[in-house]
Amino acid sequence: MGDSSACSVGAKYSLNQLGNMCRVAKLCCHDLGITKKNMCIFEVDYLCNYKKIDDKEYYLVKWKGYPKSENTWEPRRNLRCAATLKQFHRDLEGELFRRSRRRPRVWPPRHLDAAILSFLEQKGEQRKALRRWEKELNLARAHKGSIAVENEVDLFWPPEDFTYINEYRVTEGITLDQVTTGCRCKNCLESPVNGCCPGTNLNRFAYNIQGQVRLEAGQPIYECNSHCLCDMQCANRVVQRGTYYNLCIFRTDNGRGWGVRTQEKIRCHTFVMEYVGEIITSEEAERRGRVYDRQGITYLFDLDYVEDVYTVDAAHFGNISHFINHSCCPNLQVYNVFVDNLDQRLPRIAFFATRTIRAGEELTFDYNMQGSPKKRVRIACKCGAEFCRKYLF
């Protein structure tokens, strides 16, 4: 008989399904967390219908872990999901208003027509997919700031064929030349030896003690690297520590697709995020660009700090910056940053706040920002800024 250690068999049931089977059979299971206290508690997946009979409200429940054929009507008193109930009525009211542009005479309506029921079911399935995607994004991120996902505009699901990455993905034939030396400073900001890493590259120190950038746009930033004696709390390690702010990917309501907004206040001149993706040659970017132009999308970011040799493509591999929209009056500025790779043809692209950004405000940058890396775009502009350029070429 061969070695069975390399053999694996897929489970017939998920843990959630096993838990539900225990509840139905009224069996306690320590490993699945099924106890006498929660044995009769089933989790609501979403609500997909509503009716009112003799002033009593009933909801058709899609139970988590069960097929739709097991949906049941439940009186409101049986449901302990206040947030789900609130969301259901918000979706219902919003769709009814969208269809009639006025509130129904009887509210809530006693019965719902087939079109509304179809919408509510699609919305429930969509919210499941968005929650699942949100969880995947947060498991994949390597930075402190969390990622939320919202779509209160349409029935679009998460994008297909997109993988979340935290740093450049180098394609075949491209090599990053790693640095071999680092600084020997005891305090890189207050007592830099030979000017620390910026000084040895004939540049100024980029940050103040609060980590705010103090260089003009277009000037390069040289951070300390893996060969330096300082630790990750060094004042000259900002971009490499990653995103600290909690952000939200949301669906815009003016035809610009997905966007990104901050869930907390962002200080002026602080680092927000990097733009990452696949590093490809300019020749490959031209080929992909023709395809993207036909699709009406743009994720190509030229690294033309000294030469137009390489491009970052975030169409299929990227981070939250993949979803940032253009504005002719942006609140983010692009900087070229160098850490472990000093090849000036391959800078890291970092976004810093141009001003204080309020919680809930959308994050934007200028795709054709002068003096900085820029996106390849051949599209009409929909930013809505007062001095919008109308077209991006």
Side-chain angles (χ1 to χ4, degrees), residues 141-147 166-168 176-247 260 262-276 303 305-306 319-321 324 330-344 346-359 363 365 369 371-373:
R141 66 178 169 89
H143 48 80
K144 181 180 178 181
S146 65
I147 303 171
N166 294 283
E167 57 187 18
Y168 282 154
L176 298 181
D177 296 325
Q178 301 297 312
V179 296
T180 57
T181 60
C183 72
R184 296 294 181 266
C185 314
K186 292 183 177 180
N187 187 314
C188 295
L189 178 62
E190 297 179 1
S191 54
V193 177
N194 297 324
C196 191
C197 295
T200 57
N201 289 284
L202 305 179
N203 287 277
R204 293 171 51 209
F205 202 94
Y207 310 114
N208 62 20
I209 190 63
Q210 285 82 34
Q212 295 167 294
V213 67
R214 55 188 186 184
L215 299 180
E216 294 294 327
Q219 293 182 284
I221 295 174
Y222 287 87
E223 293 196 358
C224 292
N225 59 65
S226 57
H227 293 277
C228 296
L229 293 181
C230 55
D231 60 21
M232 285 301 293
Q233 301 310 309
C234 170
N236 196 37
R237 297 180 186 267
V238 173
V239 171
Q240 61 194 275
R241 288 203 294 263
T243 300
Y244 269 75
Y245 295 106
N246 297 323
L247 305 173
V260 178
T262 177
Q263 295 188 295
E264 55 188 303
K265 177 180 175 181
I266 297 177
R267 293 182 304 160
C268 181
H269 302 314
T270 57
F271 169 66
V272 180
M273 72 181 74
E274 277 190 80
Y275 192 91
V276 302
L303 300 176
Y305 176 56
V306 291
N319 63 1
I320 195 171
S321 64
I324 295 183
N331 50 26
L332 299 179
Q333 171 68 49
V334 180
Y335 281 83
N336 297 289
V337 181
F338 300 91
V339 186
D340 283 307
N341 167 59
L342 299 184
D343 186 342
Q344 293 193 331
L346 285 168
R348 291 164 67 164
I349 303 169
F351 295 125
F352 287 79
T354 60
R355 56 173 174 78
T356 299
I357 305 174
R358 303 183 308 275
L363 302 177
F365 72 97
M369 199 170 284
S372 300

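Keep in mind it's a predicted model, so treat the numbers as computed, not measured.
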So do [Y] and [X] actually touch side chain to side chain, heavy atoms under 4.5 Å?
X      : Y      : result
His227 : Thr181 : no
Cys224 : Cys188 : yes
Met273 : Tyr245 : no
Cys228 : Arg237 : yes
Arg141 : Ser146 : yes
Asn336 : Leu303 : no
Val334 : Ile349 : yes
Val337 : Glu223 : yes

Considering all heavy atoms, the nearest [X]-[Y] contact:
X      : Y      : result
Tyr207 : Ile221 : OH-CG2, 3.3 Å
Phe271 : Thr243 : CE2-N, 4.1 Å
Ala350 : Val239 : CB-CG2, 3.8 Å
Asn166 : His143 : OD1-CD2, 4.0 Å
Val260 : Ile320 : CG2-O, 3.6 Å
Tyr168 : Pro347 : OH-O, 2.8 Å

For the [atom1] atom of [X] and the [atom2] atom of [Y], what is their distance to the nearest 0.5 Å?
X      : Y      : atom1 : atom2 : answer
Ile266 : Thr356 : CD1   : OG1   : 10.0 Å
Gln240 : Met232 : CD    : CE    : 4.5 Å
Gln233 : Arg241 : CD    : CZ    : 5.5 Å
Phe351 : Ile324 : CZ    : CD1   : 5.0 Å
Phe365 : Thr354 : CZ    : OG1   : 13.0 Å
Leu176 : Leu346 : CG    : CG    : 6.0 Å

Looking only at atom types and distance, does a side-chain atom of [X] sit under 3.5 Å from a main-chain N or O of [Y], one as donor and one as acceptor?
X      : Y      : value
Asp343 : Asn341 : no
Gln212 : Cys268 : yes
Asn208 : Arg214 : no

Quiz item: Are Asn331 and Leu363 close enough, and set up right, to give a side-chain contact (heavy atoms from CB on, under 4.5 Å), and what steps lead you there?
Solution: CA-CA 6 Å; Asn331 50 26; Leu363 302 177; 4.3 Å; yes
Quiz item: With distance as the sole criterion, is a donor-acceptor pair present between the side chains of Thr200 and Asn194 under 3.5 Å?
Solution: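 Their side chains do not contain a donor-acceptor pair, so the 3.5 Å distance test is not met.
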Self-check item: Flag for Thr270-Tyr244: side-chain donor and acceptor within less than 3.5 Å
Solution: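 Checked: Tyr244/Thr270 side chains show no N/O donor-acceptor pair below 3.5 Å.
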Taking atom [atom1] of [X] as the centre, report whether more than 12 heavy atoms of other residues, nucleotides or ligands fall under 6.0 Å from it.
X      : atom1 : result
Gln210 : CD    : yes
Arg358 : CZ    : no
Glu264 : CD    : yes

Practice problem: Mind telling me whether Phe352 and Tyr335 have parallel, tilted or perpendicular rings, with 30° and 60° as the class edges? | Solution: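 Taking Phe352 first and then Tyr335, their aromatic rings stand perpendicular (interplane angle over 60°).
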Quiz prompt | Derivation and outcome, side-chain contact (heavy atoms from CB on, under 4.5 Å), residues Leu342 and Tyr222 | solution = CA-CA 9 Å; Leu342 299 184; Tyr222 287 87; 4.0 Å; yes
Practice problem: Please step through side-chain contact (heavy atoms from CB on, under 4.5 Å) for the pair Val179 and Asp340, ending with a clear verdict. | Solution: CA-CA 5 Å; Val179 296; Asp340 283 307; 3.8 Å; yes
Practice problem: Any chance you could lay out the side-chain contact (heavy atoms from CB on, under 4.5 Å) test for Leu332 and Ile357, step after step, and finish with the verdict? | Solution: CA-CA 9 Å; Leu332 299 179; Ile357 305 174; 4.1 Å; yes
